[in-house]
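Below, chain A is the first sequence line, B the second, and so on; all start at residue 1. None of these values were measured; they are calculated from a predicted model.
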Number of protein chains: 2
Amino acid sequence: MDDVIARLECAARLEELQSIIETLRDHYAVDDMVYHWVSSTGEQYGCGTYDPNWVTRYLERGYLRIDPVVIGCYQRFHPVDWKRLDWSGKAARAFMQDASEHGVGNQGYSIPIRGPNGQFALFTVSHTCDDDEWESFTELNRRDLILLAHYFNQTALNLEPGRKPEATQPLSPREVETMTLLAVGYSRAQVAETLSISEHTLRVYIESARFKLGALNTTHAVARAMARGQIVV
Amino acid sequence: MDDVIARLECAARLEELQSIIETLRDHYAVDDMVYHWVSSTGEQYGCGTYDPNWVTRYLERGYLRIDPVVIGCYQRFHPVDWKRLDWSGKAARAFMQDASEHGVGNQGYSIPIRGPNGQFALFTVSHTCDDDEWESFTELNRRDLILLAHYFNQTALNLEPGRKPEATQPLSPREVETMTLLAVGYSRAQVAETLSISEHTLRVYIESARFKLGALNTTHAVARAMARGQIVV
DNA sequence: TTTTGCCTCGCCAGAATTGGGGAGTTGGAA
DNA sequence: TTCCAACTCCCCAATTCTGGCGAGGCAAAA
């Protein structure tokens, strides 16, 4: 565990995660272990020990939007045993059938993990065994798995290319107030009244904020300010 | 550690967290330990060992939007030492000054943690000591702290009352596309063209999304969709 | 001292958004 | 089968936003 975390912390390339996760799989003596970055725009990144055919099939068929594990974890915070998910529904059943035909175990435990800007990933352990055995496995290793999920995600985020700092021009206090109030639904007139300034002055703030944020319109400016953490809503 | 987690897992009321965090503070022999749920609509919940005057002052003065710890953690995934944050800027300096006058230690370590629907919280340890001592403390206890942050947040989410009613109405695929394109700066006309639908149809999506999100206008809707993680920009 | 950034205010006209109607198809779930 | 949610399209009028013009005070930095 300790040396795995050390390896994760000093990994310099995403490819290293693959061998680390294989080591872990062997260490915990389970069938499969997977980390995957879940994104609406196709899989950003994933590593693990699933059959490559299954991974391909999963992506091709858009199982991301069907998989009860993904759907369920997206709404939860705590790690979840696959048994406790909602497998009713035709699509889910078919998916489960297909998965087991591709070698996915009957037991599973998935840990949702989230990063800045809505980043979302899953760390999953899967195995074939009876319920009691699985229960004791997850009980015993829950904390390890949570930590592993954390460190895997940390490494993936660090190594993700699109993480460039992108010198964000700081907003002035008034601009921050303006963007914040707009983000919580105030109209321009209301913001102006709230800040006790003329609506025209307000416009100046919006425009300068838009300029600083490189935004095309007010909505864009607010979205960017939020995404960059320049306002907290 | 083990019994603390056990207490966290079986806590039935938020108030119990306060005594748990005091126990932890004593156990780790640090000046302060705090868990707080970060939200613009006033502090949703917080517990910890800070001077109550400081907490009140923090809220009254809207330090949430100034505090470099909050701003910094909001953009990061990994735990962060306060020294590594950006303390330049007049407001940040004044804040730091004010904080230290209210008994906040010179050292600090904060762990950002995120839940579904854009929930965001911080788990913080603060102390007064020299850099070396602090360095070894954080090195030694990082994993414990990460786990504690996780379990505190899990408990807070479970006990949070406002978690039951229609958590979040999911957006339809078209609505997600619409919100996403608006968030990246497209005008309505451009979005309609991009999606190959009439602008009138587009309006229906915006309005239904706005309704589902409980938003007052388009900008608000986009902001909420982002904050809740329903769209990723 | 000059410059620079921030905060403040006004007017006008065109462009875009919003709110209120109504209506038809389709595919999946009950 | 029936029902519902999602997707598609249309009109009109009121409101709001945007873009371009210009202007002064103040405080900190260069």
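- Side-chain N/O atoms of B:S198 include one lying less than 4.0 angstrom from OP1 or OP2 on D:dC9.
- No donor-acceptor contact under 3.5 angstrom links the side chains of B:Y186 and A:N217, judged on distance only.
- Heavy-atom distances to DNA chain D give each of B:L171 and B:I197 a nearest nucleotide, and the one nearer the 5′ end belongs to B:L171.
- Among the nucleotides D:dT8, C:dC6, C:dT8, the one closest to the side chain of B:R174 is D:dT8.
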Check: Could you go step by step and tell me if A:E60 and A:R57 meet the salt bridge (Lys or Arg N to Asp or Glu O under 4.0 Å) rule?
Finding: CA-CA 5 Å; A:E60 274 173 359; A:R57 190 178 181 84; over 6 Å; no
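- Ring pair A:F123/A:W37: centre-to-centre distance not below 6.0 Å.
- Side-chain proximity of A:H200 to the nucleotides D:dC21, D:dC10, C:dC7 is greatest for D:dC21.
- A sub-4.0 Å separation between OP1 or OP2 of D:dT18 and a side-chain N or O of A:T218 is present.
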Next item on the list: Determine, step by step, whether A:E175 and A:R210 satisfy the salt bridge (Lys or Arg N to Asp or Glu O under 4.0 Å) criterion, reporting the C-alpha distance in whole Å, the side-chain angles of both residues, the deciding distance to 0.1 Å, and the verdict.
Entry: CA-CA 9 Å; A:E175 288 160 355; A:R210 205 168 59 208; over 6 Å; no
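- Rounded to whole Å, atom P of D:dC11 lies 12 Å from atom CD of B:E199.
- The distance between atom CD of A:Q169 and atom C1' of C:dT4, rounded to the nearest whole Å, is 13 Å.
- If you check the side chains of A:N153 and A:Y35, you find a donor sitting under 3.5 Å from an acceptor.
- The A:K212 side chain lies nearest to C:dC6 when the options are D:dC17, C:dC6, C:dT18.
- Qualifying side-chain contact (heavy atoms from CB on, under 4.5 Å) partners for B:A227, counting only residues two or more places apart in sequence or in other chains: A:M226.
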List every contact pair, protein side and nucleotides 26-30 of chain C side both N or O, where the distance is under 3.5 Å.
none

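- Taking the ring centroids of B:H150 and A:F77, they lie under the 6.0 Å cut-off.
- Between A:W134 and A:D81, the side chains place a donor N or O and an acceptor N or O closer than 3.5 Å (distance only, hydrogens not considered).
- The separation between A:I206 atom CD1 and D:dT16 atom P is 14 Å, rounded to whole Å.
- Look at CG on A:L202: it is 17 Å from C1' on C:dC11, rounded to the nearest Å.
- Here B:T201 does not reach the OP1 or OP2 of D:dC7: none of its side-chain N or O atoms lies under 4.0 Å away.
- With salt bridges taken as basic N to acidic carboxylate O contacts below 4.0 Å, none links B:E135 and B:K83.
- No side-chain donor from either of B:D31 and B:Q107 sits under 3.5 Å from a side-chain acceptor of the other.
- OP1 and OP2 of D:dT16 both lie 4.0 Å or more from every side-chain N or O belonging to A:R188.
- Summarising the geometry, the separation between CG on A:L216 and P on D:dC17 is reported as 18 Å, rounded to the nearest angstrom.
- Counting only heavy atoms from C-beta on, A:N217 has its side chain closest to D:dT18 among C:dT17, D:dG19, D:dT18.
- The nearest whole Å value for the distance from the CD atom in B:Q190 to the P atom in C:dA16 is 10 Å.
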Any protein N or O atoms within reach of nucleotides 20-22 of chain C? Criterion: under 3.5 Å, listing atom names and distances.
| unit_1 | atom_1 | unit_2 | atom_2 | d |
| --- | --- | --- | --- | --- |
| C:dG20 | O6 | B:R203 | NH2 | 2.8 |

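- An OP1 or OP2 oxygen of C:dC7 is reached within less than 4.0 angstrom by a side-chain nitrogen or oxygen of A:S172.
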